[in-house]
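Below is one structure; the comments refer to it alone.
In what follows, residues are counted from 1 in the order of the sequence shown.
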Amino acid sequence: MTDLAAVKAALRTQAVETPSWAYGNSGTRFKVFAQEGVPRTPQEKLEDAAKVHEFTGVAPTVALHIPWDRVDDFGALGKFAEEHGLKLGAINSNTFQDDDYRLGSVCHPDAEVRRKALDHLLECVDIMDATGSADLKLWFADGTNYPGQDDLSARQDRLGEALAAVYERLGDGQRMLLEYKFFEPAFYATDVPDWGTAYAHCLKLGPKAQVVVDTGHHAPGTNIEFIVATLLREGKLGAFDFNSRFYADDDLMVGAADPFQLFRIMYEVIRGGGFTADVAFMLDQCHNIEAKIPAIIRSVMNVQEATAKALLVDPVALAAAQRAGDVLEANAVLMDAYNTDVRPLLRELREEQGLAPDPIAAYRASGWQERIVAERVGGRQAGWGA
């Protein structure tokens with residue numbers, strides 16, 4: 001029998017980091033879709049993020065993307081965040097939107113291009129110093145499109161050299177989070193294509209280097225929860241980028257495509273001690289056709305629901321069934337938890353915390369959407385490349 005008080009206590013400790021770029025305009029390779037009321041500045045992104053935290057109570061940090069969120073004074077931006085009940089979270093680098101990076105960034109065959117990319121990564125650590133951020137998140141679009149285009153092994157050497165230089169620059173309490181993606185935009189060979197490659201580099205670097213699991217960055221049929229369990233077992237799971245996919249890196253709302261998979265992942269996180277460890281739970285989504293803020297609120301709620309269900313798994317009953325080799329009973333223990341409607345529990349928890357029981361309804365009633373549509377007129381809306 002699961003202790004509901006313990007489940008609530010665990011849920012009170014949960015935090016989900018929202019990404020600044022999810023509040024801006026985004027789209028597909030063919031079109032970026034603009035919406036009314038979209039932020040024009042990093043400050044306006046933080047204002048929207050503050051509303052997500054206000055109505056969910058579990059989104060206290062916001063990840064920044066450089067150069068999309070570059071400002072003259074990052075210390076002042078951090079203070080602005082604090083004034084709105086937030087803190088600045090992971091700093092995300094960008095080595096994929098410059099013409100010089102056509103053949104790669106830190107893996108590029110030209111040493112001058114590699115130096116440019118490395119300087120940007122080191123600048124991101126400087127920004128971490130100014131914002132008080134603990135995490136530097138690295139994703140590289142580096143790779144090749146054709147056999148013979150470049151030396152695959154040499155590219156790994158170049159990658160390792162850059163990562164080592166950034167690792168050396170990290171201060172106390174800071175860490176490097178290395179993300180992987182099995183394809184796109186490189187189609188023949190991606191330089192960090194899977195968790196094994198990311199893990200190998202992080203293992204060589206040391207304890208300040210950990211792996212990011214983006215739930216949209218896997219081939220169909222990949223057992224993501226096995227990857228999570230293995231990285232937790234090795235002490236190398238640093239963070240999640242939560243989103244959903246049907247076909248490729250769709251960046252849909254987390255839990256939209258396969259909520260059962262999200263539940264299975266969260267169960268492994270809890271079983272492996274990741275829920276109480278220093279694992280960052282981040283969203284990394286593009287809200288192309290849906291309203292931004294409600295979609296992010298819904299995503300946070302989806303993570304909460306999957307977590308609550310995972311916390312309801314009866315570990316004693318599950319262990320007994322596993323020891324007995326009772327396949328059906330072991331599966332039934334998991335399914336009983338997954339099939340539980342946890343929405344009443346979460347509504348009750350929010351009320352106990354002084355929050356509205358239905359965050360989406362509360363946001364709609366707040367008038368914030370109407371206000372930003374009326375006030376954010378003119379200027380350049382934030383979005384990809386802005």
Side-chain angles (χ1 to χ4, degrees), residues 13-21 59-66 69 74-75 77-78 81 86-95 105-106 117-140 142 159-181 191-192 194-215 217 227-242 265 268-269 272-284:
T13 69
Q14 188 169 35
V16 179
E17 183 163 298
T18 68
S20 68
W21 54 95
T61 60
V62 181
L64 300 184
H65 202 291
I66 309 301
D69 295 315
F74 281 99
L77 186 65
L86 301 171
K87 290 186 178 180
L88 299 180
I91 303 299
N92 292 253
S93 62
N94 182 322
T95 55
S105 61
V106 295
L118 177 58
D119 287 344
H120 169 67
L121 302 183
L122 296 174
E123 177 201 13
C124 287
V125 183
D126 293 338
I127 293 171
M128 292 170 65
D129 293 340
T131 61
S133 301
D135 294 336
L136 172 66
K137 189 140 72 68
L138 304 177
W139 172 72
F140 298 106
D142 292 38
L159 172 63
E161 290 173 5
L163 293 177
V166 177
Y167 189 90
E168 183 67 25
R169 170 64 182 81
L170 294 174
D172 294 338
Q174 295 178 339
R175 61 180 179 168
M176 171 194 300
L177 302 176
L178 182 58
E179 191 174 348
Y180 59 89
K181 185 176 183 179
D191 290 314
V192 190
D194 51 39
W195 70 276
T197 304
Y199 172 73
H201 280 285
C202 289
L203 188 64
K204 186 174 183 179
L205 289 166
K208 291 183 180 180
Q210 294 182 300
V211 179
V212 177
V213 174
D214 185 308
T215 50
H217 285 190
I227 298 171
V228 170
T230 302
L231 289 173
L232 273 172
R233 185 171 178 268
E234 299 299 323
K236 282 295 184 182
L237 179 62
F240 284 97
D241 273 358
F242 281 133
I265 290 170
E268 289 300 333
V269 169
F275 197 64
T276 55
D278 195 20
V279 177
F281 300 96
M282 310 175 186
L283 302 181
D284 182 13

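- Looking at L121 and R169, their side chains never come closer than 4.5 Å, going by heavy atoms from C-beta outward.
- Closest approach of L118 to V166, counting heavy atoms only: CD1-CG2, 3.7 Å.
- Remark: side-chain polar atoms of K236 are paired, donor with acceptor, to backbone N or O of A209 under 3.5 angstrom.
- Across all their heavy atoms, M282 and A90 have their closest contact at CE-CB, 3.8 Å.
- The side-chain heavy atoms of V269 and V279, taken from C-beta on, include no pair separated by under 4.5 Å.
- No donor-acceptor pair closer than 3.5 Å links the side chain of Y199 to the backbone N or O of L231.
- Atom OG1 of T215 and atom CG of L283 lie 9.5 Å apart (nearest 0.5 Å).
- Shortest non-hydrogen contact noted between F74 and L88 is O-CD1, 4.5 Å.
- Ring geometry, W139 versus H217: the interplanar angle falls from 30° to 60°, so the pair is classed tilted.
- Atom CD of E168 is surrounded by 12 or fewer heavy atoms from other residues, nucleotides or ligands within 6.0 Å.
- Contact between S133 and T131 at its shortest, heavy atoms only, is OG-OG1, 2.6 Å.
- Taking a cutoff of 4.0 Å between a charged side-chain nitrogen and a carboxylate oxygen, D214 and K137 do not qualify as a salt bridge.
- Considering CG of L178 and CG of L136, their distance stands at 10.0 Å, rounded to 0.5 Å.
- Note that the OG atom of S93 and the CG atom of L138 stand 4.5 Å from one another [nearest 0.5 Å].
- To the nearest 0.5 Å, the span separating CD1 on I66 from CD1 on I127 amounts to 4.0 Å.
- Here D135 contributes atom CG and C124 contributes atom SG; the two are 13.0 Å apart, rounded to the nearest 0.5 Å.
- Looking at heavy atoms from C-beta onward, R175 lies in side-chain contact with L177 at the 4.5 angstrom threshold.
- For the atom pair Q210 CD and D278 CG, the distance stands at 7.0 Å (nearest 0.5 Å).
- Considering all non-hydrogen atoms of both residues, E17 and G89 come closest at OE1-CA, 3.5 Å.
- Side-chain polar atoms of W21 and D284 form a donor-acceptor pair below 3.5 angstrom.
- Counting all heavy atoms, side chain and backbone alike, F140 lies closest to S105 at CD2-OG, 3.8 Å.
- The backbone N or O of V106 sits less than 3.5 Å from a side-chain atom of D142, completing a donor-acceptor pair.
- At least one donor-acceptor pair under 3.5 Å links the side chain of H120 to the backbone N or O of N94.
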For this session: Just do the side chain to side chain contact (heavy atoms under 4.5 Å, CB included) check on Y180 and V211 with the steps written out, would you?
Result: CA-CA 8 Å; Y180 59 89; V211 179; 3.8 Å; yes
